[in-house]
Protein chains: 2
Amino acid sequence: MKRSSRLSIALHALVHLHAQPGKQLSSAALATCLMTNPVVVRRILGELREAAIVDASKGPNGGWTLSRPATEITLRDVYAALGERMLVRTESDPGDVTCAIVRSVDRVMHDFLDDAEALLAARLQRVRLSDLATDALHAGFPRLD
Amino acid sequence: MKRSSRLSIALHALVHLHAQPGKQLSSAALATCLMTNPVVVRRILGELREAAIVDASKGPNGGWTLSRPATEITLRDVYAALGERMLVRTESDPGDVTCAIVRSVDRVMHDFLDDAEALLAARLQRVRLSDLATDALHAGFPRLD
DNA sequence: CTATATGTAACAATAAAAGTTACATGAAAC
DNA sequence: GTTTCATGTAACTTTTATTGTTACATATAG
């Protein structure tokens with residue numbers, strides 16, 4: 001599989017959970033839907049559980065459910081829960097930081113990326129999980145601007 | 001070395017070129033500064049050459065120079081020349097696109113990232129190479145907002 | 001012609017991400 | 001209580017992307 005599909009997998013799983021409200025979906029069942037491994041599902045949803053986005057229950061008929069309505073889950077919540085950076089951080093060689101130019105480049109890029117990251121987060125916050133689910137049927141999607 | 005340091009290396013090299021105007025710096029010399037390999041320098045600067053940001057000349061006393069003043073080179077130019085995506089594209093399993101949910105997630109994320117990418121490019125355009133170079137000496141840096 | 005630079009292909013090494021196996025833990029059903 | 005079926009997690013393997021390296025062709029100044 002390609003790089004950084006975690007967010008994609010997470011969203012896909014969440015939409016599946018939303019599509020079957022009240023039902024507990026097991027990691028194995030989700031793994032089949034997502035064409036991946038149950039452990040991968042547990043790893044990713046485990047992070048969402050810590051962020052109180054989903055709940056997990058063990059034992060027979062156990063599995064995953066949404067902790068709250070899909071209208072109250074934004075993509076920012078999911079993004080933050082995964083602790084990922086959507087922005088690729090540009091990094092210099094650690095042995096290279098004695099050079100003033102390198103430090104300057106790093107500092108400027110760091111500031112820029114922090115700034116951009118906040119901007120992205122604000123935009124992600126405008127998209128709700130329910131928007132995603134709706135979009136699976138209709139083409140309409142809230143404009144970002 | 002860490003992931004995606006190409007932009008960082010490119011900027012570092014460009015500032016070095018700017019710091020010694022008129023002088024031709026060889027890939028080997030730059031590689032020493034950047035703590036990397038001459039071939040890596042050639043690969044990266046080669047892309048900048050195609051974008052008419054730097055010039056290369058062969059033979060003795062050959063090397064790299066800026067094609068135009070550092071005040072006329074923006075970070076967007078460099079970024080675009082490298083053909084990189086600062087935003088990590090979220091990708092789904094190719095065998096999975098028959099699922100309406102996956103396609104929906106992919107479409108929404110694709111739209112979102114395109115949108116965000118344009119936003120980032122606009123911001124990068126405000127930063128000139130000369131700003132970076134100046135920053136290597138002074139702490140002042142143009143505010144982004 | 002020679003020395004020295006870029007240009008590039010081919011390959012090796014490294015690092016990050018995902019996939020897999022194995023097993024411990026917990027909760028419901030009987 | 002014991003059986004069953006789920007999550008939780010550690011350890012390891014596989015895969016992929018990136019970077020580093022070697023080798024050599026090409027061009028150019030002197």
Side-chain angles (χ1 to χ4, degrees), chain A residues 1-10 12-13 17 23-51 53-65 67 82-86 88-96, chain B residues 1-10 12-13 17 23-32 34-51 53-65 67 82-96:
Chain A
M1 191 179 286
K2 296 296 171 59
R3 192 177 80 185
S4 214
S5 47
R6 278 162 37 97
L7 180 57
S8 197
I9 289 176
H12 188 179
L17 290 180
K23 199 169 175 186
Q24 307 250 19
L25 295 182
S26 71
S27 302
L30 284 170
T32 305
C33 295
L34 315 193
M35 303 194 76
T36 184
N37 193 286
V39 176
V40 174
V41 172
R42 277 182 220 135
R43 278 206 283 244
I44 293 174
L45 291 189
E47 298 185 58
L48 301 188
R49 175 178 42 75
E50 287 171 22
I53 293 172
V54 297
D55 291 307
S57 59
K58 296 183 174 180
N61 299 318
W64 304 89
T65 50
S67 300
L82 294 179
E84 284 202 337
R85 294 279 160 155
M86 188 165 291
V88 176
R89 311 305 283 201
T90 62
E91 291 179 38
S92 300
D93 192 304
D96 204 11
Chain B
M1 193 180 283
K2 296 296 171 59
R3 193 177 81 183
S4 215
S5 47
R6 279 161 37 96
L7 181 56
S8 195
I9 289 178
H12 188 179
L17 291 180
K23 199 170 174 186
Q24 308 249 20
L25 295 181
S26 71
S27 302
L30 284 169
T32 306
L34 316 193
M35 302 194 78
T36 183
N37 192 287
V39 176
V40 173
V41 173
R42 276 182 221 134
R43 278 206 285 245
I44 294 175
L45 290 190
E47 299 185 59
L48 301 188
R49 175 177 43 74
E50 287 171 23
I53 293 172
V54 296
D55 291 306
S57 59
K58 297 183 175 181
N61 298 316
W64 305 90
T65 50
S67 301
L82 294 178
E84 284 202 337
R85 294 279 160 155
M86 187 165 292
L87 288 164
V88 177
R89 310 305 281 201
T90 61
E91 291 180 37
S92 300
D93 192 305
D96 204 10

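Note that these values count all heavy atoms, side chains included, but never hydrogens, waters or copies made by symmetry. Chain naming here is simple, since letters A, B, ... match the order of the sequence lines and numbering starts at 1 in each. These numbers come from a predicted model, not from an experiment.
When the C1' atom of dT4(C) is taken as reference, atom CG of Leu25(B) falls 15 Å away, rounded to whole Å. Taking atom CE of residue Met35(A) and atom P of nucleotide dA18(C), one finds them 16 Å apart after rounding to whole Å. Atom pair Arg6(A):CZ and dT16(D):P shows a separation of 19 Å (rounding to whole Å applied). Atom pair Leu30(B):CG and dG20(D):C1' shows a separation of 17 Å (rounding to whole Å applied). One interatomic measurement links the two molecules: CG of Leu45(A) to C1' of dG8(D), which rounds to 13 Å at whole-angstrom precision. Separating the NZ atom of Lys23(B) from the P atom of dA5(C) is a distance of 12 Å, rounded to the nearest angstrom. Following rounding to the nearest Å, Asp55(A) (CG) and dG8(D) (P) show an atom-to-atom distance of 10 Å. Here dG20(D) presents its C1' atom at 14 Å from CG of Leu34(B), a figure rounded to the nearest Å.
To the nearest 0.5 Å, the span separating OG1 on Thr36(A) from CD1 on Ile44(A) amounts to 7.0 Å. From Leu30(A), atom CG reaches atom CD1 of Ile9(A) across 11.0 Å, with rounding to the nearest 0.5 Å. With values rounded to the nearest 0.5 angstrom, Asn61(A) atom CG is found 10.5 Å from Lys23(A) atom NZ. For the atom pair CD1 (Ile53(A)) and CG (Leu82(A)), the distance works out to 7.5 Å, reported to the nearest 0.5 Å. How far CG of Leu17(B) is from CG of Leu45(B): 6.5 Å, rounded to the nearest 0.5 Å.
Inter-axis angle, ends of the helix from dC1(C)-dG30(D) to dC30(C)-dG1(D), five pairs per end, rounded to 10 degrees: 10°.
Taking both residues in full, the closest heavy atoms of Gly63(A) and Gln24(A) are given as O-OE1, 3.1 Å, listed atom of the first, atom of the second, then distance. In terms of heavy-atom proximity, Ala10(A) sits nearest to Leu48(A) at CB-CD1, 4.2 Å.
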Polar pairs (N or O, both sides) under 3.5 Å between protein and nucleotides 27-30 of chain C?
none

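Residues passing the side-chain contact (heavy atoms from CB on, under 4.5 Å) test with Glu50(B): none are found, sequence neighbours excluded. Residues that satisfy the side-chain contact (heavy atoms from CB on, under 4.5 Å) test with Ala29(A), not counting sequence neighbours, are Ser26(A). Residues meeting the side chain to side chain donor-acceptor pair (under 3.5 Å) test with Asn37(A), sequence neighbours left out: none.
For Ser27(B), a side-chain nitrogen or oxygen approaches OP1 or OP2 of dT6(C) to under 4.0 Å.
Less than 4.0 Å separates DNA chain C from at least one heavy atom of each of the following residues of residues 37-44 of chain A: Asn37(A), Val39(A), Val40(A), Arg43(A).
Listed candidates were dG20(D), dG19(C), dG7(C). Nearest to the side chain of Trp64(B) is dG7(C).
Using a 4.5 Å heavy-atom cutoff, the side chains of Val39(A) and Arg43(A) are in contact.
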